[in-house]
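Single-structure report; data block below.
Within every chain, numbering begins at 1; the chains are lettered A, B, ... in the order of the sequence lines, protein sequences first and strands thereafter.
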Number of protein chains: 2
Amino acid sequence: MADVAREAGVSHQTVSRVLNDHPNVRPDTRARVEEAITRLGYRRNLVARALVTKRSRTLGVVSFDTTLYGPASTIYGIEQAARTAGYFVSIVSLKTIDTHSVRDAVDYLTEQGVDGVVVVAPQYSASSALESLPAGMPVVAAEGTTHRADVSVVCIDQVEGAKLATRHLLEQGHETVWHISGPPEWLESEGRLQGWRAALEEADRPVPEPLAGDWSPRSGYEAGKSLAAMDGVTAVFAANDQMALGVLRALGELGVPVPEQISVVGFDDIPESEFFSPPLTTVRQDFDVVGRHCIEVLLRQIDVGPTAFERLVVRPSFVVRSSTAPAR
Amino acid sequence: MADVAREAGVSHQTVSRVLNDHPNVRPDTRARVEEAITRLGYRRNLVARALVTKRSRTLGVVSFDTTLYGPASTIYGIEQAARTAGYFVSIVSLKTIDTHSVRDAVDYLTEQGVDGVVVVAPQYSASSALESLPAGMPVVAAEGTTHRADVSVVCIDQVEGAKLATRHLLEQGHETVWHISGPPEWLESEGRLQGWRAALEEADRPVPEPLAGDWSPRSGYEAGKSLAAMDGVTAVFAANDQMALGVLRALGELGVPVPEQISVVGFDDIPESEFFSPPLTTVRQDFDVVGRHCIEVLLRQIDVGPTAFERLVVRPSFVVRSSTAPAR
DNA sequence: CTGTTAGCGCGTTCAC
DNA sequence: GTGAACGCGCTAACAG
């Protein structure tokens, strides 16, 4: 910066003003400085800037297994929105999620001087970790829940999504709908289970015992085999598309035609679902939007202060394809 | 830090020494300082530290569409390895990849003061962007290629993987193998195309015109329909699993039995492949390992200086499942 | 409109 | 083994 100042024949302060779009700079000095900057290929040092402004313009993201479609898409949305707003994104992906690991990750990010943190926290354990976070750091939870008044939440309405799926099946004339649930520690499992049960009860239908899955195609496959062995199963709602894929595979192996004999619905609408055999009817979640909302909320919190607690719920939509049909 | 020093009755230098595990500190003073640190809940300011050491302990990652399975897994590996080594990871994911956007991303990261950059650059355009990067910044390319002597590369042997797939099909007695390729601007498309062609030529077989895909299941679906309409097609090698899924879907729709009439092989081994109908024979890439290697190489480059250029090739493996069978 | 001065929180170099 | 001074590159506050 000193070099640029010398080159342009001004003080380093003026260079700083040009860099920060300060109004009080004469156009021609500004031009001289800008020219010097490009001539010297000068890049400012954001670390030094962060030291004095106490703002690093970096946001932290803590997530569990960024390899999964949901987290990956959410983070993508976060990153795009953050960069557009001029922020960097520093990521920590946890293999095991518990109160300590989330706390540690946030501490770690805090040392680095992040201005705020998004915790992608679809598990109860992660959500409870939110409770113990140090106050003062702006935090928003994506897909989480919390009792704290100073932590904002952005999430997709899981209950509504499950209702959409279940009602669709009921409208097709199915007597009831079986459910393959996700792992119990996930909020999304709980929400989908609730929505499914509520839709069934609203329609006065029997509520079968849900089958426990773990999000993996394999668990869906096992559940699918169990279902095929039972009597009277005509409609299945799997808590995600991977498990629905497993169901499709199991039924295919056993020669049970889908959707003729059994209708199947998933949840997520991963890019592959449209090309499953048969193409999967599913609930679409717009993770991108969730990511963008997270950044909006977080930046607002950073800028206007901790008063601006918000809770944003994104509505899912329903995609009908060929894995569902009217009951015979 | 001043507070801690006061609390422990020492100077802030001594606190700094304790924090950095400096040997010249008496055990009891060290204990006093450590106690003061925990009592005050002190966290050091890494920004200030970075300013004076000129090391931010942050690594940058530039990637295209982090939603895709390959990049997401690679980045996961990178993040794990980096954090283990005590580094932060700052991510930039590009929606369009060209020389300028990659350059801009690296510049952006440079301003932030990253100690090194991993460019996940499976496209030619990204690779060519590597050529124009400013010298001095340690850079490693994951899945890229470059003529620069100061940029290390870590990649998976695409040619070998394609040969594995093609030879497997040939060994099953198929006369030749058809290929659905990825988009031409991707290095991986090129490598897989080459490997497929080489394996065919080695065995003195006719080389059919490849069908152009774009990685999406839809493009595989279209290609599958074309293939079904042709005579004598008994074996297909799709350049990724998503396109293979599309092929499976198209053949299923048309009533062409897989693998009885047509055998299908994919590439990547995404978690879903095992549960396709039928389960997909495919080439497995260990993205995790690639990510870890990238960090190893990058850190070596940062520590020992720019002399340590390396090129690391990871071998893919082959997974036989039920989508391939002997030719009739 | 522009320059001067001070200091952000730390590590490094020297004294002691 | 420990402390005092100095400076990393920048912005804020004030002076001119």
Side-chain angles (χ1 to χ4, degrees), chain A residues 1-37 40-58 86 88 107-115 136-137 303, chain B residues 1-37 40-58 86 88 107-115 136-137 303:
Chain A
M1 190 151 165
D3 299 341
V4 176
R6 202 175 313 115
E7 179 83 9
V10 296
S11 75
H12 71 124
Q13 188 53 254
T14 303
V15 178
S16 170
R17 288 197 181 97
V18 171
L19 252 23
N20 296 315
D21 282 322
H22 211 81
N24 292 352
V25 178
R26 227 175 22 211
D28 59 314
T29 11
R30 179 181 298 273
R32 268 216 323 286
V33 171
E34 276 166 351
E35 205 214 300
I37 287 175
L40 268 53
Y42 167 78
R43 319 252 69 195
R44 67 178 150 190
N45 182 331
L46 293 185
V47 174
R49 178 198 175 92
L51 180 61
V52 45
T53 57
K54 297 176 179 325
R55 289 287 202 87
S56 62
R57 294 199 78 82
T58 297
F88 293 91
D107 279 1
Y108 182 67
L109 255 9
T110 305
E111 265 195 343
Q112 196 205 11
V114 295
D115 297 338
M137 171 69 72
D303 293 335
Chain B
M1 189 150 165
D3 299 341
V4 176
R6 202 175 313 114
E7 180 83 9
V10 296
S11 75
H12 74 118
Q13 278 19 305
T14 306
V15 178
S16 169
R17 288 192 183 102
V18 171
L19 251 24
N20 297 315
D21 282 322
H22 211 82
N24 291 353
V25 179
R26 230 176 16 212
D28 59 314
T29 22
R30 177 182 299 273
R32 269 216 321 289
V33 171
E34 276 166 350
E35 204 214 302
I37 287 175
L40 268 52
Y42 167 78
R43 320 250 69 196
R44 66 177 151 189
N45 182 330
L46 294 185
V47 174
R49 179 197 176 92
L51 180 60
V52 45
T53 58
K54 297 176 178 323
R55 287 289 201 85
S56 62
R57 294 199 77 82
T58 297
F88 293 91
D107 279 1
Y108 182 67
L109 255 9
T110 305
E111 268 195 342
Q112 195 204 14
V114 295
D115 297 338
M137 170 69 72
D303 292 335

With sequence neighbours left out, what residues match B/Arg43 under side chain to side chain contact (heavy atoms under 4.5 Å, CB included)?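 Side chain to side chain contact (heavy atoms under 4.5 Å, CB included) list for B/Arg43, sorted by chain: A/Asp107, A/Glu111.
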Could you tell me which residues satisfy side chain to side chain contact (heavy atoms under 4.5 Å, CB included) with B/Arg6, sequence neighbours excluded, listed by chain and number?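 If we apply the side chain to side chain contact (heavy atoms under 4.5 Å, CB included) test to B/Arg6, skipping adjacent residues, the hits are B/Ala2, B/Asp3.
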If you fit an axis to the five pairs at each end of the helix from C/dC1-D/dG16 to C/dC16-D/dG1, how big is the angle between those two axes, to 10 degrees? 40°
Heavy atoms only, 4.0 Å cut-off, all strands: where does B/Val10 land among base, sugar-phosphate and nothing? sugar-phosphate
By side chain to side chain donor-acceptor pair (under 3.5 Å) - contacts of [X] (at least two apart):
| X | result |
| --- | --- |
| B/Asn45 | none |
| B/Arg44 | B/Asn20 |
| A/Asp28 | A/Arg26 |
| B/Ser56 | B/Asp115 |

Please list, by residue number, the residues of residues 23-34 of chain A whose heavy atoms come closer than 4.0 Å to an atom of DNA chain C; answer none if no residue qualifies.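 A/Asn24, A/Val25, A/Arg26, A/Thr29, in order of number.
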Show me the donor-acceptor pairs within less than 3.5 Å that the side chains of residues 30-37 of chain A make with the rest of the protein, sequence neighbours left out.
residue : atom : partner : partner atom : Å
A/Arg30 : NH2  : A/His22 : O            : 2.8
A/Arg32 : NE   : A/Ala8  : O            : 3.1
A/Arg32 : NH2  : A/Ala8  : O            : 3.3
A/Glu35 : OE2  : A/Arg39 : NH1          : 2.3

Under 3.5 Å, is there a donor-acceptor pair between the side chain of A/Thr53 and the main chain of A/Arg49? yes
Between the side chain of A/Arg17 and the main-chain N/O of A/Asn24, is any donor-acceptor distance below 3.5 Å? no
Readout for nucleotides 8-14 of chain C: B = base within 4.0 Å of protein heavy atom, S = sugar-phosphate only, - = neither; 5' to 3' it is BBBBBB-
Atom CD of B/Gln112 and atom C1' of D/dC10: how far apart are they, to the nearest Å? 16 Å
How long is the gap from OG1 on B/Thr14 to CE on B/Met1, to the nearest 0.5 Å?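 Here the rounded value is 8.5 Å.
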